[in-house]
Amino acid sequence: MKISIIGSGYVGAVTAACFADCGHEIICVDIDEKKIQWINQGIPPIFEEGLQELLEKYAGKTLIATTDYEYAVLNTDFSFICVGTPSEENGSINLSIVRAAATSIGAALAKKEAYHVIVIKSTVVPETTEKFVIPILEEASGKIAGKDFGVAMNPEFLREGKAIYDFRHPDKIVVGSIDQRSGDLVSELYKNIECEITRTDTRTAEMIKYVNNSFLATKISFSNEIGNICKKMGIDTYEVMRAVGKDARISPLFLNCGAGFGGSCFPKDVRALINKAKDLGYSPILLKSVIDVNEKQPIIMIELLKKKVGNMKGKKITVLGLAFKNDTDDIRESRAIPVIAELLRLGAEVSTYDPLAIENMKKIFPTISYHNSAKEALQGADACLVVTEWEEFKKLDAEFEVMKEKIVIDGRKVISATSIDYEGLCW
Ligand SMILES: NC(=O)c1ccc[n+]([C@@H]2O[C@H](COP(=O)([O-])OP(=O)(O)OC[C@H]3O[C@@H](n4cnc5c(N)ncnc54)[C@H](O)[C@@H]3O)[C@@H](O)[C@H]2O)c1
């Protein structure tokens with residue numbers, strides 16, 4: 001099949017490369033010329049394990065990239081919208097990029113005779129496909145959804161860092177569609193992937209994505225709350241959760257307490273669902289608490305630090321880990337951001353290290369110091385905060401010797417060194 005992928009970020013680039021690997025012909029579309037050039041040269045626009053190998057294999061052959069919507073739509077049978085849906089100040093999602101993408105697809109559709117299916121993969125709140133995307137497509141194309149073109153909603157559940165594995169081995173594939181034909185065609189694209197396809201209408205598919213992320217975020221905030229209580233009693237919360245997770249109704253996953261969740265999805269999606277509920281006249285108490293607990297965890301880290309270090313003015317504090325999680329260069333909503341902001345507010349000098357995310361974080365904090373190794377960042381530090389669960393941090397030991405004071409506050413339970421003044425966030 002021939003597929004255009006609109007937006008070549010984390011979701012778009014991975015979807016494009018993996019669909020190419022399934023044997024489909026792919027045209028990536030982005031407004032960012034640099035990304036287009038990289039993809040055509042086989043260079044990933046983002047870091048994701050295994051992506052480079054796939055792009056090197058297919059770029060210039062069955063996968064090409066362009067800024068030209070018309071070319072992409074006229075030469076494919078499907079267009080997957082994979083553009084960003086960032087948060088507004090009030091938590092609602094900003095649909096301006098989806099609007100731009102749908103308008104451009106619609107304008108190209110106006111010039112196309114053959115049937116085409118538009119698939120929304122971006123995370124959008126329930127009813128967006130029906131009430132926002134379809135009217136834009138119809139207006140821009142002068143055609144009618146369900147008659148002249150198909151529409152489906154196919155939410156994405158990938159984990160950054162494991163996205164290619166997740167594409168190949170999904171727990172679920174959800175295809176919501178406005179009619180049987182659109183749903184059948186989109187389902188057919190996944191025929192080489194061994195997974196049952198859940199077929200729904202579009203608003204249900206949209207809701208499944210939000211409920212999925214909100215539930216996982218709730219598990220994390222629940223674990224953080226329990227961790228904060230356990231710490232006050234000297235109970236090992238990890239031991240508690242290991243036992244609790246043996247209950248098949250609970251599962252052991254997402255029960256690790258620590259500095260909280262970040263990334264481009266959980267915080268944004270929970271806030272968007274809260275906002276949608278409010279619009280409907282419902283106040284979602286539990287979901288609001290999920291966000292409140294999450295925002296408190298980095299502040300608790302700083303409180304623990306202040307107890308050990310005292311006045312922070314002029315103190316050199318090392319932050320290890322900038323990415324929102326390990327194995328990615330993505331810093332969106334990383335817990336390192338509120339941690340660094342608070343340290344700077346308190347007058348500390350901040351020194352950092354991350355294996356992948358330094359260049360991205362420089363755009364937010366251009367004046368703090370960035371180093372090429374943990375040891376270099378720790379040199380002469382008064383204390384260290386560990387914010388990301390990078391595998392290499394588990395092996396840190398002698399590196400702490402270069403600190404002025406070997407105070408380490410661990411937000412991820414990754415540090416195993418013994419000759420340090422160690423404190424866990426919730427343990
Ligand atoms: N990143 C994740 O782990 C993840 C997982 C599941 C779902 N999602 C959802 O998928 C969507 C995309 O997320 P992402 O992380 O890939 O975003 P991203 O910001 O990494 O990528 C979006 C891309 O769209 C491009 N773009 C912007 N305007 C455009 C336009 N008018 N036409 C074409 N391209 C345009 C940008 O240049 C960028 O390359 C969001 O709705 C997000 O919530 C993300």
Side-chain angles (χ1 to χ4, degrees), residues 4-18 27-39 44-49 51 65-73 79-88 92-108 118-125 128-129 132-133 136 140 153-167 170-174 205-206 208-210 212-214 216-217 261-273 323-325 327-334 360:
S4 43
I5 304 284
I6 315 298
S8 304
Y10 285 86
V11 170
V14 168
T15 305
C18 290
I27 303 179
C28 294
V29 179
D30 206 289
I31 50 164
D32 185 337
E33 301 261 4
K34 203 166 63 226
K35 284 188 181 171
I36 295 305
Q37 277 172 17
W38 283 338
I39 293 172
I46 46 120
F47 175 82
E48 186 59 47
E49 201 181 296
L51 183 59
T66 176
T67 54
D68 187 344
Y69 267 91
E70 196 176 304
Y71 173 80
V73 172
S79 292
F80 275 68
I81 298 182
C82 301
V83 298
T85 46
S87 270
E88 292 282 18
S92 65
I93 55 168
N94 178 328
L95 288 171
S96 60
I97 314 176
V98 173
R99 180 198 300 279
T103 307
S104 303
I105 294 170
I118 295 92
V119 187
I120 292 83
K121 205 175 226 334
S122 298
T123 303
V124 292
V125 291
T128 303
T129 300
F132 184 83
V133 180
I136 294 170
M153 202 283 148
N154 173 219
E156 180 53 62
F157 299 98
L158 64 77
R159 294 167 299 167
E160 283 183 23
K162 300 276 174 282
I164 290 175
Y165 177 89
D166 287 349
F167 187 98
D171 293 325
K172 59 179 169 286
I173 296 173
V174 176
E206 290 161 337
I208 290 168
K209 173 64 190 172
Y210 279 98
N212 211 92
N213 276 357
S214 297
L216 292 174
F261 55 79
S264 68
C265 292
F266 285 6
K268 167 171 85 77
D269 294 352
V270 178
R271 284 194 196 104
L273 189 53
F324 86 91
K325 63 182 236 185
D327 297 334
T328 181
D329 62 351
D330 195 345
I331 56 150
R332 290 178 285 184
E333 298 264 2
S334 165
N360 284 337

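First listed ligand is number 1; within each ligand, the first listed atom is number 1.
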May I ask you to identify the nearest protein heavy atom to [atom], giving residue, atom name and distance to one decimal place in Å?
{"atom": "atom 5 (C) of ligand 1", "answer": "Cys265 SG, 3.5 Å"}
{"atom": "atom 7 (C) of ligand 1", "answer": "Thr123 OG1, 3.4 Å"}
{"atom": "atom 22 (C) of ligand 1", "answer": "Gly84 N, 3.7 Å"}
{"atom": "atom 11 (C) of ligand 1", "answer": "Val83 O, 3.3 Å"}
{"atom": "atom 21 (O) of ligand 1", "answer": "Gly9 CA, 3.2 Å"}
{"atom": "atom 24 (O) of ligand 1", "answer": "Gly7 CA, 3.5 Å"}

Just to be sure I'm reading this right: ignoring hydrogens, which of Glu160, Lys268, Glu33 gets closest to atom 42 (C) of ligand 1? Compare them by their nearest heavy atoms.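 Nearest option to atom 42 (C) of ligand 1, by heavy atoms: Lys268.
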Return yes or no for this condition: an N or O of [X] is under 3.5 Å from an N or O of ligand 1.
{"X": "Lys121", "result": "no"}
{"X": "Asp30", "result": "yes"}
{"X": "Asp330", "result": "no"}
{"X": "Lys209", "result": "no"}
{"X": "Val11", "result": "yes"}

Under a 4.0 Å heavy-atom limit, does Ser122 contact ligand 1 with its side chain, its backbone, both, or neither?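 The answer is both, backbone and side chain.
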Quick check on contacts: which atoms of ligand 1 are under 4.0 angstrom from a heavy atom of [X]?
{"X": "Arg332", "result": "1 (N), 15 (O), 17 (O), 18 (P), 19 (O), 20 (O)"}
{"X": "Thr85", "result": "40 (C), 41 (O), 43 (O)"}
{"X": "Ile97", "result": "27 (C), 28 (N), 29 (C)"}
{"X": "Ile6", "result": "33 (C)"}
{"X": "Lys35", "result": "38 (C), 39 (O)"}
{"X": "Tyr69", "result": "30 (C), 31 (N), 32 (N), 33 (C)"}
{"X": "Glu156", "result": "6 (C), 7 (C)"}

With a 4.5 Å limit on heavy-atom distance, are the side chains of [X] and [Y] in contact?
{"X": "Arg99", "Y": "Phe132", "value": "yes"}
{"X": "Ile5", "Y": "Val11", "value": "no"}
{"X": "Phe157", "Y": "Asp166", "value": "no"}

Would you say that more than 12 heavy atoms from the other residues, nucleotides or ligands in this model lie under 6.0 Å from the CD of Glu88, or not?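 Yes, CD of Glu88 has more than 12 neighbouring heavy atoms, counting only those of other groups under 6.0 Å.
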Counting only heavy atoms not in Tyr71, do more than 12 sit closer than 6.0 Å to its OH atom?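 Not buried by this count: 12 neighbours or fewer within 6.0 Å.
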For the atom pair [atom1] ([X]) and [atom2] ([Y]), what is the distance rounded to the nearest 0.5 Å?
{"X": "Tyr10", "Y": "Thr15", "atom1": "OH", "atom2": "OG1", "result": "14.0 Å"}
{"X": "Ile164", "Y": "Leu51", "atom1": "CD1", "atom2": "CG", "result": "4.5 Å"}
{"X": "Thr123", "Y": "Met153", "atom1": "OG1", "atom2": "CE", "result": "6.5 Å"}

Residue pair Val29 / Ile36: nearest heavy atoms and the distance that separates them: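 Scanning both residues, the minimum pair turns out to be C-CD1, 4.3 Å.
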For Thr328, the option from Lys162, Glu160, Arg159 that meets side chain to side chain donor-acceptor pair (under 3.5 Å):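 That would be Glu160.
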Check step by step if side-chain hydrogen bond (donor to acceptor under 3.5 Å, both in side chains) holds for Glu206 and Thr129. CA-CA 8 Å; Glu206 290 161 337; Thr129 300; 2.5 Å; yes
Val174 vs Lys209, side-chain contact (heavy atoms from CB on, under 4.5 Å): CA-CA, chis, key distance, verdict: CA-CA 9 Å; Val174 176; Lys209 173 64 190 172; over 6 Å; no
